[in-house]
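Letters A, B, ... are given to chains in the order of the sequence lines, protein chains preceding strands, and every chain is numbered from 1.
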Amino acid sequence: MTAPVRVRFAPSPTGYLHLGGARTALYNYIFARRHGGEFVLRIEDTDPSRSTDAAIAQILRSLREMELDWDEGPEKPGRHGPYRQTERQAIYREHIDRLLAGGHLYTCFHTSDELEAERRAAQAGKRAWVYSGACRALTTAEVERRKAAGEPWTLRFRVRPGTTTFDDMLRGPVEVGNDTIGDFIVQRSDGTITYNLAVVVDDVTMAITHVIRGDDHLSNTPKQILIYEALGVPAPYFLHMPLLFGTDRKKLSKRHGATNLEQLTAVGFLVEVVRNYLCFLSTEFDESMITWSLADLVAHLDVESLGTSASIFDPDKLRWMNGRFIRAMAPADFAARVQAYLERVGFYGQPPALRLLAAKGESALAEAIELGQLAPLPPGDDQERLTMLVAPLVQEKIEVLSDFIRLAGWLFTPLAIAGSAREKLTAIPDAQRILRAAAVCLAGLERYDVEQIEAAVRGLPEQLGVKPKSVFAALRLGMSGQPVTPGLFESLWALGRNEAAGRLAAAAGML
RNA sequence: GGCGCAUUCGUCUAGGGGCCUAGGACGCCGCCCUCUCACGGCGGUAACACCGGUUCGAAUCCGGUAUGCGCUACCA
């Protein structure tokens with residue numbers, strides 16, 4: 001019988017979980033669940049200068065938001081812990097000793113400055129460069145003498161001659177000549193362990209059977225295989241997923257706008273959609289997949305049938321998917337999501353969120369939230385009622401949740417007609433007459449419902465002898481101060497009779 | 001420079017020797033619907049990186065070139 005499948009996701013906590021990382025986490029999770037295996041989370045913080053606890057917390061939060069619960073890892077103790085590399089020093093020690101005993105490691109006294117110079121010279125002469133292995137020849141006595149003299153030293157891995165091969169589950173056989181690898185450092189002069197050794201030791205001791213990671217690690221794999229060999233343990237299966245780039249074909253970074261889950265959800269993308277979008281890259285996609293649940297992803301997606309070339313993050317397609325998803329939601333669910341979103345971005349009782357979005361756009365909003373400038377604020381009773389009332393009106397037209405604010409934010413703030421809206425309103429012939437008539441008309445309606453409102457408004461043009469367009473435009477501007485709103489009749493209805501009539505009358509008074 | 005991986009419309013992709021004068025989706029453009037904006041519907045634009053082979057026949061197989069990315073670190 002074969003060993004149970006165990007996979008891991010091993011981010012280095014140097015910042016947010018970016019989308020590429022989220023994607024490999026997703027596929028690791030899916031692979032584990034498909035094979036009834038276990039998914040472990042490990043934090044690769046061997047470089048303390050770049051790792052922060054805040055980043056770790058951030059990453060855990062994002063994974064949880066995507067519902068990728070890990071079976072073992074931080075805050076989820078298991079038999080193979082600890083799950084932070086900084087806490088596994090003793091384990092590395094032990095393995096270093098084993099390698100040392102096996103003659104796979106040797107002490108090297110070359111300083112990084114010396115090596116840097118050599119490398120530069122080789123570079124200038126357009127010659128290939130790998131570490132010469134000069135220190136291999138040092139005698140034990142010599143080593144001891146120089147160590148005693150206080151010279152800094154590192155431990156290097158003695159790369160054997162020959163070639164190293166492995167079968168990538170996605171790309172097939174890969175073969176490299178060991179002479180192109182060069183003895184690499186495994187223990188730094190400060191005594192800390194290097195990435196390539198740490199991963200191997202961790203994967204061995206955590207009983208990882210399948211290493212599913214980004215393509216950027218493909219070139220490191222031969223080194224790691226050499227270490228497995230030296231340790232005398234079988235290497236796991238490897239699968240290198242295609243990378244995810246920004247629109248400029250470069251690695252995703254801040255310059256590409258919203259590129260991590262936090263920012264994306266801050267502008268109103270739904271986690272499920274982002275999650276699905278990431279999964280649908282490098283594979284065939286069908287519209288019916290947009291509303292898939294995590295369980296559906298597990299049931300249908302197979303990391304082994306992904307394509308092999310890198311793909312580019314396309315915010316436009318994500319938007320479209322988000323819109324489709326929103327349209328497919330039950331109205332009540334959508335309303336609840338809108339409310340939670342508005343609360344999160346501090347919309348309720350905090351016009352700043354609204355203004356920020358209007359003036360500076362989505363990225364500014366995302367940034368403000370990120371910096372904690374907008375505190376979550378629960379809605380008041382009236383606001384909650386209004387939100388529920390208005391949500392269905394916008395559900396059919398928006399792409400991201402922040403569009404709600406753009407489209408319907410005016411409903412939550414006192415009437416203000418300024419700038420171009422004011423100019424447009426004044427430019428409408430008979431605007432004042434129209435507004436007054438409409439206010440009176442609405443106030444006198446027998447029943448205040450959408451049908452009655454529509455009938456009344458549609459009767460106005462003939463009644464007043466003006467063009468229908470003038471009436472619609474005047475009422476829209478007059479009730480909202482906005483050129484674009486949800487449906488006119490529905491909006492007037494959502495406002496309520498008094499508020500609607502009051503706004504129109506007030507608008508007439510401003511002319 | 002060396003090594004590795006990749007290469008179909010702008011983007012995500014279908015395609016695994018004849019079904020391909022290359023199909024779908026996003027975007028873009030146009031039309032329809034329409035109280036604004038959208039949504040929705042319909043239509044259009046647009047690609048096999050290049051050069052050589054193999055073959056009766058190549059997007060599909062092979063070789064080379066180019067380009068991109070990654071590794072080549074006492075980063076991960």
Is it the case that [X] and [Y] place a side-chain donor and acceptor less than 3.5 Å from each other?
X	Y	value
Thr111(A)	Asp113(A)	no
Thr46(A)	Arg84(A)	no
His240(A)	Asp168(A)	yes
Asn28(A)	Arg8(A)	no
Arg476(A)	Thr485(A)	yes

Just call it for [X]: base, sugar-phosphate, or nothing, with non-hydrogen atoms closer than 4.0 Å on any strand.
X	value
Phe184(A)	nothing
Glu116(A)	nothing
Thr154(A)	base
Gln123(A)	base
Leu218(A)	sugar-phosphate

Does the [N] base have a donor-acceptor partner in the side chain of [X] within less than 3.5 Å?
X	N	answer
Asn220(A)	A76(B)	yes
Ser189(A)	C74(B)	yes
Arg476(A)	C35(B)	yes
Lys397(A)	C37(B)	yes
Thr180(A)	G2(B)	no

Pairwise [atom1] distance for [N] and [M], with rounding to whole Å:
N	M	atom1	result
A46(B)	G30(B)	C1'	15 Å
C20(B)	A59(B)	P	13 Å
A47(B)	C5(B)	C1'	22 Å
U21(B)	U60(B)	P	15 Å
G16(B)	C61(B)	C1'	10 Å
U65(B)	C3(B)	P	11 Å

Looking at [options], which one has an atom nearest to any side-chain atom of [X]?
X	options	answer
Arg171(A)	C37(B), U13(B), A6(B)	A6(B)
Val176(A)	C74(B), G4(B), U36(B)	G4(B)
Arg324(A)	C74(B), G40(B), C69(B)	G40(B)
Trp129(A)	A73(B), C5(B), U13(B)	A73(B)
Ile312(A)	U11(B), C5(B), A76(B)	U11(B)

Applying the Watson-Crick and G-U wobble criteria at under 3.5 Å, what pairs with [N]? Answer none if nothing qualifies.
N	answer
C20(B)	none
G40(B)	C32(B)
A58(B)	none

**OP:** Kindly indicate whether a cation-pi arrangement holds for Arg42(A) with Tyr83(A), taking the cut-offs as under 6.0 Å to the six-membered ring centre and within 45° of the axis.
**Re:** no
**OP:** May I ask you to establish whether Arg156(A) and Tyr131(A) are in a cation-pi arrangement, using a distance under 6.0 Å from NZ or CZ to the six-membered ring centre and at most 45° from the ring axis?
**Re:** yes
Original post:
Starting at CZ of Arg156(A) and ending at C1' of U72(B), how long is that distance when rounded to a whole Å?
Top reply: 12 Å
Subject >> Leu105(A) CG - C74(B) C1' separation (whole Å) >> reply: 14 Å
Original post:
Do the side-chain N or O atoms of Lys317(A) get closer than 4.0 angstrom to the phosphate oxygens (OP1, OP2) of U13(B)?
Top reply: no
